[in-house]
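To start, the structure under review is shown below, and the notes come after it.
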Amino acid sequence: MKKGFIFDLDGVIVDTAKYHYLAWKKLANHLGFEFTKEQNELFKGVSRKRCLEILLEIGKREATQEEFDTWMVEKNVDYLEFIENMDESEILPDVPKILEFLKNNNIPIALGSASKNAQPILEKVNLLHYFDTIVDGNNVTKAKPDPEVFLLAAKQLGVDANDCVVFEDAVAGIQAANAAKMISIGIGDKNVLSEAQFNFKDFTEISTDFIKNL
Ligand code: BG6
Ligand code: MG
């Protein structure tokens with residue numbers, strides 16, 4: 001079995017994309033334009049700053065630095081409100097099964113997320129105790145597809161990068177895992193995540209035997 005397992009958060013452990021969407025849509029509407037669910041697909045795995053840049057391109061809006069900073073804060077305040085009542089019921093199917101299996105086999109587990117809200121979300125859904133280390137948007141300077149987030153996670157686990165496995169739902173995340181020379185496992189649409197080494201719709205399709213044989 002591989003020696004370290006790294007999980008993305010949004011879209012892999014919990015479906016937070018819907019809350020990110022509501023918060024970005026609220027900002028777009030406030031700025032006077034529409035933002036669709038299809039456009040929200042572009043935001044998966046993408047840093048908050050880059051998301052706002054894309055949003056402003058969609059709305060053909062210019063922003064001063066001050067406005068840009070204010071809107072970043074506004075979006076996050078709204079997002080935090082939307083996720084305030086998240087609990088275990090929002091964990092994606094069979095995620096605890098895999099975490100439990102890894103824990104029982106003493107395999108180190110890391111989080112590798114672009115989000116700056118990762119730790120509070122893991123606390124809300126009561127999964128924080130599974131993770132030996134957390135690397136998130138607060139710890140990295142380069143966003144996915146740069147491999148920094150996963151390389152740092154491997155380092156903090158004390159495991160060689162090529163002994164690590166990454167679960168990701170975003171194209172940029174799969175590219176980051178591949179760039180880090182880790183095994184990349186796409187969670188979601190295999191046509192979208194075609195660069196992944198393995199593809200599954202969700203964790204219900206992943207057996208513990210598959211994990212053992214990696
Ligand atoms: C990623 C999400 O995990 O985190 C993106 O897929 C999000 O949609 C990014 O923009 C940053 O998240 P946050 O919580 O720091 O705004
Ligand atoms: Mg994700």
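What you see is a predicted model; the values in this text were computed from it and never measured. Remember, it's 1-based here, ligands and their atoms both numbered in the order they're listed.
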- Task: Given salt bridge (Lys or Arg N to Asp or Glu O under 4.0 Å), test K26 with E81 step by step and report yes or no.
- Result: CA-CA 12 Å; K26 191 171 166 194; E81 219 168 279; 5.3 Å; no

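- Cation-pi geometry between K75 and Y79 is met: the NZ or CZ atom falls under 6.0 Å from the ring centre, inside 45° of the normal.
- Under a 4.0 Å heavy-atom criterion, G11 is not in contact with ligand 1.
- Going from atom CE of M1 over to atom CD1 of I211 covers 8.0 Å, rounded to the nearest 0.5 Å.
- Taking the six-membered ring for Trp and thresholds of 30 and 60 degrees, F210 and F198 have ring planes more than 60 degrees apart, a perpendicular arrangement.
- Per-residue contacts place K116 under 4.0 angstrom from the following atoms of ligand 1 (heavy atoms of the residue considered): 13 (P), 14 (O), 15 (O).
- Put simply, CD1 on I6 and OG on S113 are 12.5 Å apart, with the number rounded to the nearest 0.5 Å.
- The pair E100-K103 does not meet the salt-bridge criterion, since no charged nitrogen lies less than 4.0 angstrom from a carboxylate oxygen.
- Interface atoms of ligand 1 facing K44, defined by a heavy-atom separation under 4.0 Å, are 6 (O).
- For ligand 1, the atoms closer than 4.0 angstrom to any heavy atom of A114 are 1 (C), 4 (O), 11 (C).
- With 3.5 Å as the limit, one finds a donor-acceptor pair spanning the side chains of T141 and E148.
- Summary of contacts: the protein heavy atom closest to atom 6 (O) of ligand 1 is G45 N, 2.7 Å.
- With hydrogens and angles disregarded, no donor-acceptor distance shorter than 3.5 Å links the side chain of E74 to the backbone of L27.
- Excluding waters, the set of protein N, O or S atoms lying under 2.8 Å from the Mg ion (ligand 2) comprises D8 OD2, D10 O, D169 OD1.
- In the vicinity of N117, heavy-atom distances shorter than 4.0 Å reach the ligand 1 atoms 13 (P), 14 (O).
- Near C51, the atoms of ligand 1 lying under 4.0 angstrom from a non-hydrogen atom of the residue are 10 (O).
- In this structure, the side chain of N139 engages the main chain of D136 through a donor-acceptor pair within 3.5 Å.
- The protein heavy atom nearest to atom 2 (C) of ligand 1 is D10 OD2, 3.4 Å.
- The nearest heavy-atom contact from the protein to atom 7 (C) of ligand 1 is V46 O, 3.2 Å.
- Side chain of D10 to backbone of S115: no donor-acceptor contact under 3.5 angstrom is found.
- Counting heavy atoms closer than 4.0 Å to ligand 1, residue S115 contributes atoms from both its backbone and its side chain.
- If you check which protein heavy atom lies closest to atom 16 (O) of ligand 1, you get R48 NE, 2.8 Å.
- Residue contacts with ligand 1, taken as heavy atom pairs separated by less than 4.0 Å, involve H20 solely via side-chain atoms from C-beta onward.
- When atom types are taken as modelled, the side chain of K3 and the backbone of D160 share no donor-acceptor pair closer than 3.5 angstrom.
- Distance from atom 8 (O) of ligand 1 to its nearest protein heavy atom, with residue and atom name: F43 O, 2.9 Å.
- Y21 meets the side-chain hydrogen bond (donor to acceptor under 3.5 Å, both in side chains) test with no other residue; sequence neighbours excluded.
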